Every structure is written in C-alpha cells, then in structure tokens.
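Below you'll find the structure I mean.
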Amino acid sequence: MLSQIVSALGVVVVAVFACSAYFYFSNKILDLALPVKDGDIRAASRNLNRRALVRPWLFVGPALFLLVVYLVYPVVATFILSFYDRAGQQFVGVANYQWALGDREFRQSIFNNILWLAVVPAACTFFGLVIAVMTDRIWWGNIAKSIVFMPMAISFVGASVIWKFIYEYRGGNDVQIGLLNAIVQTFGGTPEVWISVPFWNNFFLMVILIWIQTGFAMVILSAALRGIPEETIEAAVIDGANGWQIFWRIMVPQVWGSIAVVWTTITILVLKVFDIVLTMTNGQWQSMVLANLMFNWLFRGGGDSGRSAVIAIIIMLAVTPIMVWNVRRANRELKGH
C-alpha cells in the first residue's frame with residue numbers, strides 16, 4: 001500500500017513538473033523565435049501579433065493532441081472496424097449492421113436502454129429537486145444533504161454489492177436476509193428472486209443508479225435554488241401563492257437551465273451504464289443493455305470486433321444529439337447574458 005501511494009505521488013509530482021517545464025520552455029522558444037527588437041518598430045509589432053496568435057495554441061495544443069489520439073482516432077477506427085469481420089481483417093460491408101437489426105438480444109438491449117432513459121433521468125432530477133427544496137427549509141438540511149450525497153462516493157460495483165443484499169433471496173425454509181424479501185415475508189407475501197423477474201428486474205436495477213445519482217442532482221439544483229432572488233418568493237407569498245404554486249410556477253422555471261444540465265448529464269450516464277447490470281445480473285433474464293452487449297461481443301467467446309464496433313457506434317450516435325443539444329443550449333444562455 002505504501003509503495004502504491006508513493007508511486008501515485010511520484011506520478012503527480014512528475015506530471016506537474018513536466019507541464020510546468022513545457023509551458024515555460026515553449027514560451028521561451030516562442031520569444032526567441034519571434035524577438036521584439038527596439039530598433040525596428042514595425043517588425044516588433046508584427047512579432048508581438050504573431051506571439052499573441054501562437055501562444056494560446058501552446059497551451060491548448062497538448063489537450064488537442066490528446067483529444068485526437070484518445071477520442072477522435074478511436075471513433076474513426078471503430079467506425080471503420082464495424083465494416084469488417086470478427087477478426088477485423090476481411091471487409092464485410094453492412095453485414096454487421098444487418099445482424100444488429102435482426103438480433104433478438106440487440107433489440108432487447110435497445111428496449112431496455114429506452115426504458116432506463118425514460119425512468120432514471122426523470123426520477124433522479126425529480127427526487128433531487130424535491131430534496132433540495134425540502135432540505136433548504138430545515139435546520140438540519142446540510143446533514144440530510146450529506147447523507148443523500150454519500151452514495152456518490154461509492155463505485156457502481158460497490159453500490160451493486162450493497163443492493164445485492166437488499167434483493168437477496170434464500171430458498172426453502174431459510175431465513176430471508178434480504179431486506180426486501182424480509183419486508184415482503186413480514187406482511188405475508190412470498191419471497192422472490194427479484195432480479196431474475198424479466199422486465200421488472202430492469203426497475204430493480206434502475207433503483208441502484210437513482211440512489212447513486214440523486215445526490216448529484218440535489219447538489220446542482222440546490223445551488224440553483226439558492227440563486228433565486230428572495231424578493232421573487234416574497235412577492236409570490238404576498239400575492240397569495242401557496243407552497244405548491246411557488247414550487248411549480250416560481251422555482252422550477254427559475255432553475256430550468258440547471259434541470260436541463262442534470263437531466264442530460266444523467267441521460268448520457270444511462271446510455272453508458274454497464275457496471276450495475278454486469279454485477280447484478282450479467283445481462284441475464286432479459287436485463288441486457290447496449291454497453292454490456294458490446295462487452296460480451298468484444299471479450300467473450302473469442303471476441304467479435306465487427307459486431308462490438310457496431311454496438312459502440314450506435315451508443316455514440318445515441319449520445320451525440322444529447323451532447324450537441326446541451327452545448328447549443330449553454331451557448332444560447334451565454335449569449336443571452
């Protein structure tokens with residue numbers, strides 16, 4: 001453990017030193033390449049303008065390089081790979097796309113992803129907004145927020161293990177240690193293997209992600225709510241508005257931009273959901289989602305580069321419109337200010 005900590009600190013120190021050295025020496029080289037001499041005013045002015053044009057690229061250049069290497073190139077390579085066979089050697093045209101349209105498990109994954117998209121972002125945003133409003137009105141609100149936010153510190157796999165105990169099922173006459181089955185049994189119900197029930201098991205898995213991400217939504221929306229002028233709320237109260245009307249007609253419109261940010265962020269996360277499904281069901285009992293299906297085709301059964309690439313392209317195509325819409329909305333807000 002100590003050696004790992006030392007190694008991590010060493011990497012941080014070396015990285016910071018390397019970045020500092022890069023920026024220092026690149027600026028020095030730029031100044032030497034484009035000198036400003038006292039005798040020639042025209043040349044000095046020209047070199048100063050050139051420095052101003054080049055210097056920003058010295059700062060963003062490494063980031064752009066890494067963006068191309070780790071984002072643009074993989075996307076292009078994946079798109080090309082989707083037209084090749086499982087080994088990535090023989091060109092097969094659109095055969096992999098035809099397989100995707102005709103595959104029952106792929107269609108099931110699409111349906112499950114749509115189901116997740118319809119439920120998780122809406123539930124996280126709603127609960128986050130309600131909790132943010134309620135905790136701002138009580139003296140122990142910060143404690144409550146800390147408790148709600150705490151699952152954000154847990155990995156998806158860790159959270160799944162916790163919820164495995166909640167959904168745990170014991171057969172025969174064994175005592176039910178799973179919280180949900182213990183409650184059901186207490187009220188005279190029959191214990192079930194909840195995560196193996198097709199269709200409904202999707203909702204049991206969604207609860208885990210909602211539990212994790214509600215804290216994120218709460219923090220963002222709580223900050224947005226604090227930005228609402230007190231005069232607006234006081235004017236609404238004087239006009240006779242009740243709490244429900246203040247919430248829907250005053251608060252929600254005022255924080256709509258933050259709601260959109262939370263919604264789209266969680267939507268993108270849902271499209272990439274992988275760990276929870278893998279840990280809880282491994283995609284069994286009709287709970288497969290696209291990210292897990294891509295993993296299966298890429299790493300299991302010898303691997304199929306072509307079909308896994310098709311699934312990756314479809315996930316990226318699904319994410320892209322949401323990201324574009326979010327960026328355009330942010331630009332409109334900036335221009336509006």
Side-chain angles (χ1 to χ4, degrees), residues 71-124 156-157 160 167 193-210 213 263-325:
L71 183 62
V72 177
Y73 170 73
V75 170
V76 175
T78 301
F79 179 71
I80 295 172
L81 197 61
S82 68
F83 296 100
Y84 283 79
D85 65 349
R86 62 183 299 117
Q89 297 176 351
Q90 184 178 353
F91 183 78
V92 295
V94 296
N96 291 322
Y97 291 90
Q98 292 173 338
W99 158 81
L101 294 174
D103 185 71
R104 182 188 61 81
E105 193 172 31
F106 177 82
R107 294 197 300 270
Q108 181 68 51
S109 301
I110 291 286
F111 173 78
N112 290 340
N113 267 105
I114 293 173
L115 201 63
W116 279 71
L117 288 172
V119 175
V120 175
C124 291
F156 283 7
V157 173
S160 300
Y167 296 143
V193 186
W194 301 105
I195 60 174
S196 69
V197 181
F199 181 72
W200 298 108
N201 53 8
N202 286 290
F203 294 96
F204 292 120
L205 300 183
M206 290 177 204
V207 169
I208 302 173
L209 189 55
I210 294 170
Q213 290 298 311
W263 194 297
T264 52
T265 303
I266 297 177
T267 297
I268 293 171
L269 179 65
V270 167
L271 285 169
K272 301 185 297 180
V273 67
F274 168 76
D275 314 64
I276 294 173
V277 176
L278 181 69
T279 306
M280 296 294 289
T281 65
N282 197 22
Q284 300 178 85
W285 309 298
Q286 300 179 21
S287 65
M288 184 70 74
V289 292
L290 287 173
N292 293 86
L293 187 63
M294 180 186 71
F295 177 81
N296 285 350
W297 280 105
L298 186 60
F299 294 109
R300 294 177 180 171
D304 191 319
S305 300
R307 293 183 176 181
S308 61
V310 167
I311 301 170
I313 290 295
I314 291 171
I315 294 173
M316 286 187 285
L317 288 175
V319 170
T320 301
I322 301 168
M323 296 178 65
V324 170
W325 176 83

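Everything numeric here is computed off the predicted structure, so don't read it as measured data. The first residue in the sequence is number 1, and the count goes up from there.
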- Query: With a cut-off of 6.0 Å (strictly less than), are more than 12 heavy atoms of other residues, nucleotides or ligands near CZ of F274?
  - Reply: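 Yes, because the 6.0 Å sphere around CZ of F274 holds more than 12 heavy atoms from other groups.
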- Item | Heavy-atom closest pair, residues S160 and I276 | OG-CA, 3.4 Å
- May I ask you to test the L269-F156 pair for a side-chain heavy-atom distance under 4.5 Å? yes
- Any chance the side chains of Q108 and N112 put a donor and an acceptor closer than 3.5 Å?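 N112 and Q108 do have a side-chain donor-acceptor pair below 3.5 Å.
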With a cut-off of 3.5 Å and sequence neighbours excluded, list every side-chain donor-acceptor pair involving residues 306-318.
| from | atom 1 | to | atom 2 | distance (Å) |
| --- | --- | --- | --- | --- |
| S308 | OG | D304 | O | 2.9 |
| S308 | OG | S305 | O | 3.1 |

- With the side chain counted from C-beta on, respond yes when V120 and Q213 share a heavy-atom pair under 4.5 Å apart, and no when they do not. no
- Any chance you could measure N113, atom CG, to L293, atom CG, to the nearest 0.5 Å?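 N113 CG to L293 CG: 10.0 Å, rounded to 0.5 Å.
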With a cut-off of 3.5 Å and sequence neighbours excluded, list every side-chain donor-acceptor pair involving residues 97-105.
| from | atom 1 | to | atom 2 | distance (Å) |
| --- | --- | --- | --- | --- |
| Y97 | OH | S82 | OG | 2.8 |
| D103 | OD2 | E105 | N | 3.2 |
| D103 | OD2 | F106 | N | 2.8 |

- Message: If we check side-chain contact (heavy atoms from CB on, under 4.5 Å) with L205, which of these qualifies: V277, V289, V273, T279?
- Response: V277
- Query: For atom CZ of F199, is the number of surrounding heavy atoms from other residues, nucleotides or ligands below 6.0 Å larger than 12?
  - Reply: yes
- Item | Residues that V197 engages under side chain to side chain contact (heavy atoms under 4.5 Å, CB included), provided they are two or more places apart |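 Result, side chain to side chain contact (heavy atoms under 4.5 Å, CB included) vs V197: W200.
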- Message: Quick one, L115 and M206 - any side-chain contact, counting heavy atoms below 4.5 Å?
- Response: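 Yes, close enough: below the 4.5 Å cut-off.
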- Query: Can you find a pair of side-chain heavy atoms, one from W194 and one from N201, that are under 4.5 Å apart?
  - Reply: no
